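Computed from a prediction, not measured in an experiment: that's the story for all the values here.
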Amino acid sequence: MALADLHTKIDLQNSSQLSSLSTRLSYNRRISLRPLPQPHNSRICCSVTSKEVQAPVTVNTEEPKKKPDCYGIFCLTYDLMAGEETKSWKKLINIAISGAAGMISNHLLFKLASGEVFGPDQPIALKLLGSERSFEALEGVAMELEDSLFPLLREVSIGIDAYEVFQDADWALLIGAKPRGPGMERADLLDINGQIFAEQGKALNAVASRNVKVIVVGNPCNTNALICLKNAPDIPAKNFHALTRLDENRAKCQLALKAGVFYDKVSNVTIWGNHSTTQVPDFLNAKINGIPVKEVIKDTKWLEEEFTEMVQKRGGVLIKKWGRSSAASTAVSVVDAIRSLVTPTPEGDWISSGVYTAGNPYGIAEDIVFSMPCRSKGDGDYELVKDVIIDDYLRSRIKMTEAELLAEKRCVAHLTGEGIAVCDLPGDTMLPGEM
Ligand code: LMR
């Protein structure tokens, strides 16, 4: 950003205001400012509060090491106070996203910035985490965000150090993970990705908001979420989610298709367990037009076999067709998952999320991340739905996915602080995309 451009954006009243602003800008972008000729009706137009402006400030010319750079236009241009007054905008929230240069993020970021996720009165800051290899791509993403002129998007920063990028994060959407490569055992995948999520858990623990909400998307997402929360002991375990909303959406679509109704008529769909081919899409408690699915779709064999397998393996079938993993629908399901936590769940309905199993009413093993039915009051938190019926069929399926998650947990014990890892994975179970 040229200095001339800065001059058109910023009116400076006096040298102490200049000092304050100069501190902030040099901190972010190493731009030095000279005093401007004093304009009439001048005011600061930047993200500083009046308190900051009035306080005597010592200009710090040294670049602080611990914060990520803001990107381009997002370093300088908004008048938060005027925005607050005229639009009653809420307090800015920080959203950190890992794997930010990837395909899922590319769909997700623009939804977040448009206001469709957190609402039209919620300004946001996007903190994008990439890798050294993806840094240029990350800059490209930030450029596209600049060019989109989203009024709610107040700050964008990019970086490759989780300890910088996760600073003060209110939400952390952990998308980046390595896909399983040729010849790689599932245990290797658990280890490689587990290390990423252990490190990110530590970073969240050190620098994120104490009430950060974390949604783990990178696979194997349940166990990654478990590793992450175990490495973040100062953040409530309840705040960590593994994304199974995509599976819920897939299940709703297939039930709607079979029943010949549009998918808005399908409710109360639970995905139980792991985001893998052992997951259990629950048709016993699901409803179509408020009526139990089994009364609408009488073909039990279809429900138990075809439907169940279709949902479990949807990701893999899609990869075969598309040549890569689902990205757009995953991003949509992340949006759905967040919105389900920041808006009240419709009366009588619920949503699925992979959550920490402390004190669950279904007899599912404690201390794993397991997808279950949840409800939210819209405050970012959730409670488990406690009165879902479990029959013998469901119970036997739930046991299989639970066994898989327990085995995954044993396999990452070295990353959760629980001793030596023992990998006795049942068969070689798959992520939906690995078939
Ligand atoms: C999906 O369900 O589409 C993905 O989790 C597949 C994958 O393994 O990337």
S.K.: In the structure I gave you, are the side-chain heavy atoms of Ile368 and Asn222 within less than 4.5 Å of one another anywhere?
M.R.: no
S.K.: Flag the pair Arg250 and Asp247 as a salt bridge only when some basic side-chain nitrogen lies within less than 4.0 angstrom of an acidic carboxylate oxygen.
M.R.: yes
S.K.: Grab the two heavy atoms, one from Ile319 and one from Ser325, that are nearest each other, plus how far apart they are.
M.R.: CG1-CA, 3.6 Å
S.K.: Of all the heavy-atom pairs spanning Asn274 and Gln279, show the shortest one and how long it is.
M.R.: O-CB, 2.9 Å
S.K.: With distance as the sole test, does Asn106 use its side chain to make a donor-acceptor pair with the main-chain N or O of Leu109 at under 3.5 Å?
M.R.: no
S.K.: If I compare all heavy atoms of Thr345 with all of Ser340, which pair ends up nearest, and what's the gap?
M.R.: OG1-O, 4.3 Å
S.K.: Determine the minimum heavy-atom distance between Pro281 and Val311, stating which atoms define it.
M.R.: CG-CB, 3.9 Å
S.K.: Which atoms form the tightest heavy-atom contact between Ser105 and Ile175, and what is the distance?
M.R.: OG-CD1, 3.6 Å
S.K.: Is a donor from one side chain sitting under 3.5 angstrom from an acceptor on the other, for Asp234 and Asn205?
M.R.: yes
S.K.: Could you pull out all residues at least two apart from Asp147 that satisfy side-chain hydrogen bond (donor to acceptor under 3.5 Å, both in side chains)?
M.R.: none
S.K.: Under 3.5 Å, is there a donor-acceptor pair between the Lys213 and Asn211 side chains?
M.R.: yes
S.K.: When the ring planes of Tyr393 and Phe283 are compared, do they come out parallel, tilted or perpendicular, using 30° and 60° as the limits?
M.R.: tilted
S.K.: Using a strict cut-off of less than 4.0 Å between a Lys/Arg side-chain nitrogen and an Asp/Glu carboxylate oxygen, indicate whether Glu155 and Lys127 qualify as a salt bridge.
M.R.: no
S.K.: More than 12 foreign heavy atoms under 6.0 Å from CZ of Arg210: is that the case here?
M.R.: yes
S.K.: Do you know the tightest heavy-atom contact between Val269 and Ser352?
M.R.: O-OG, 3.2 Å
S.K.: Do Val369 and Phe240 have side chains that get closer than 4.5 Å, going by heavy atoms?
M.R.: no
S.K.: Less than 4.5 Å apart, any side-chain heavy atom of Asp299 and any of Lys258?
M.R.: yes
S.K.: Which is it for Leu129 and Gln200 under the side-chain contact (heavy atoms from CB on, under 4.5 Å) test, yes or no, and what are the steps along the way?
M.R.: CA-CA 11 Å; Leu129 180 66; Gln200 293 184 355; 3.7 Å; yes
S.K.: Check whether any side-chain heavy atom of Glu408 sits under 4.5 Å from a side-chain heavy atom of Leu405, and report yes or no.
M.R.: yes
S.K.: Does a side-chain heavy-atom distance below 4.5 Å link Val355 with His241?
M.R.: yes
S.K.: Would a 4.5 Å heavy-atom cut-off, applied to side chains only, mark Ile93 and Gln122 as touching?
M.R.: yes
S.K.: Find out whether Val385 and Thr270 are in side-chain contact, i.e. whether some heavy atom of one side chain is under 4.5 Å from a heavy atom of the other.
M.R.: no
S.K.: So, using salt bridge (Lys or Arg N to Asp or Glu O under 4.0 Å) as the criterion, who are the partners of Lys230 when residues are at least two apart?
M.R.: Asp367, Glu418
S.K.: Is there side-chain contact between Asn224 and Pro220, with at least one heavy-atom pair below 4.5 Å?
M.R.: yes
S.K.: State which residues pass salt bridge (Lys or Arg N to Asp or Glu O under 4.0 Å) with Glu199; sequence neighbours excluded, sorted by chain then number.
M.R.: none
S.K.: With no hydrogens and no angle check, do the side chains of Trp272 and Thr401 hold a donor and an acceptor under 3.5 Å apart?
M.R.: no
